[in-house]
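One structure below.
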Amino acid sequence: MTKSNTARHPSRRQFLQTLAAGSATAAIMTTVPNMMPGVVTGRAQAASPANLRNLVAAPSSANLIPGGAIQTPVWTFNGSVPGTLLRVKQGEDVNVAFENRLDEPSSIHWHGVRLPNAMDGVPGLTQKPVAPGETFEYRFTARDAGTYWYHPHINAPTQLARGMYGALIVEEDDPISVDREFVWLIDDWRLGANGEIDPTFNGGHDVGHAGRLGELVTVNSVHNPDIAVRPGERIRVRMINTANARIFAIDFAGLAPHLIALDGHPITPHVPDEPVFLFAPGTRADFVIDVPVDATGGFALLDRFFDGLENPLVNLRVQGDRMRDEISTARMALSANPLPEPDLQNARREQLLYTGGMMGGGVLRHLVETGKIDQGFLGGVRSMAQSMMGMMTGGGVWMVNGRDPERDDNGPLFDLKAGESCVFTLTNATAWYHPIHLHGHAFRVISRDGTPTRYQEWQDTVLIAPAEQVEIAFVADNPGDWMLHCHILEHKFGGMSGFVRVA
Ligand code: C2O
Ligand code: CU
């Protein structure tokens, strides 16, 4: 759907096909879904609060390339990609001893979880880096039900690209009833000549364009897994985009799944109207899929973000007897999480202007001409225009209100009062998509380009299209320093970063 600079990828893809074809093993998988890594069917064992879990960061290897012959060296949590799936009940304590057996410092950030600042896992801001050989204990209460994930927050472009991530599922007290549940961690890998992870991280081209895009898309580290489903079966799929940079535009192949949660938080169940579902790095989406009772064959879920460069995601193969004669009518709506409701009337209003990257000048000009960017505000960040001239010369490639928070040391973007309601207007004055993530809170996405959103959805990461303006609203009720950054990890590296201080 988006035409962009992807010329290098077809040849990489061909190369992968060559690698895969060289292996004698058939690429067709007949995996039993329950045995796929990351697929969980039962509910969690009741875990006592004292129950300490271990997550060990260490090198390992994974078979990512179809065919089974090639092992790719990866970095992992507990030896596998994805790392150990953590599953707790809402209200339960999470208690994780994180041991770093890598050769470089690491940490664990619990993406989307509203937890105490000291547990947020951001070296340099909320804790010291966990040095090689060290252990750090993370403890927090899982206040909100939903689909969350964990990953390092230091040298993230490298550590995530090498495979370091896992899911944290917080079960509702009153779960909806489905026949099976899947957790899909969707990733995109850029591999080198021998199937190893391409070791050029934070390359200038990636930083200034769409980030590190790869050529091999996997779900739970398997390329295009084949999953058998029964006619009439109702499944819940918890999808997590763990890619450094790839935004997926998911085509559900004629299925009409209901979206029931975004970033862990319930949304009014509905079938999205758009022909594809835009799914950005860092974000999660929970869908209920009802396999039609008269379905035959299968449903090949596809990513269509780049025209002509579609990626197969998952093949749902219809097999076996009908599970029921008519589609389940059981409740799909999830109970709300205990989120504080922002007071829009009296909210503090702030602007965040994102600029930079390649080809951004025209977008900025357009937004100024159409009055979307206030002249007075722009005047205040005028130095930005000059800095933009000098970009790609070693400084920040991206800017937030004229600053490069990755490199300058000017403190928080905003000092917020604990308990204060905030409305931030985020303007994407660039030629690229950006999923902007706020730590430690969830916010409502209240409008896009001046039009109120239909569902006023809660998110922790909001995807903003080029030239788009989005308003988010939240209560800054969690004291501490909380990052607010683009989850395209190369963009964050290039300056699309920063934090807010709540005190
Ligand atoms: Cu998922 Cu600041 O990150
Ligand atoms: Cu970005």
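The first residue in the sequence is number 1, and the count goes up from there. The figures that follow rest on heavy atoms only: side chains count, while hydrogens, waters and symmetry mates do not. In listed order, ligands and their atoms are each counted from 1.
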Over 60° means perpendicular and under 30° means parallel, so tell me whether [X] and [Y] are parallel, tilted or perpendicular.
X	Y	result
F305	Y433	perpendicular
W110	Y150	tilted
Y165	W149	perpendicular

Handout entry: H439-H441 aromatic ring centre distance below 6.0 Å
Key = no
Handout entry: Test of ring centre spacing under 6.0 Å for H111 and H487
Key = yes
Practice task
Could you pull out the N/O/S protein atoms under 2.8 Å of atom 2 (Cu) of ligand 1, ignoring any water?
Solution key: H153 NE2, H439 NE2, H485 NE2
Exercise for the section: State plainly whether the residues R284 and D460 are in salt-bridge range, i.e. N to O under 4.0 Å. Expected result: yes
Exercise for the section: Indicate yes or no for a side-chain donor-acceptor contact from N241 to the backbone of T283 under 3.5 Å, with no hydrogens or angles considered. Expected result: no
Exercise for the section: List the atom of D303, the atom of I247, and the distance in Å for their closest heavy-atom pair. Expected result: OD1-O, 4.1 Å
Problem - Cation-aromatic face contact R348/F474, 6.0 Å, 45 degrees - result: no
Problem - In the protein, N/O/S atoms that are found under 2.8 Å from the Cu ion (ligand 2), waters not counted - result: H434 ND1, C486 SG, H491 ND1
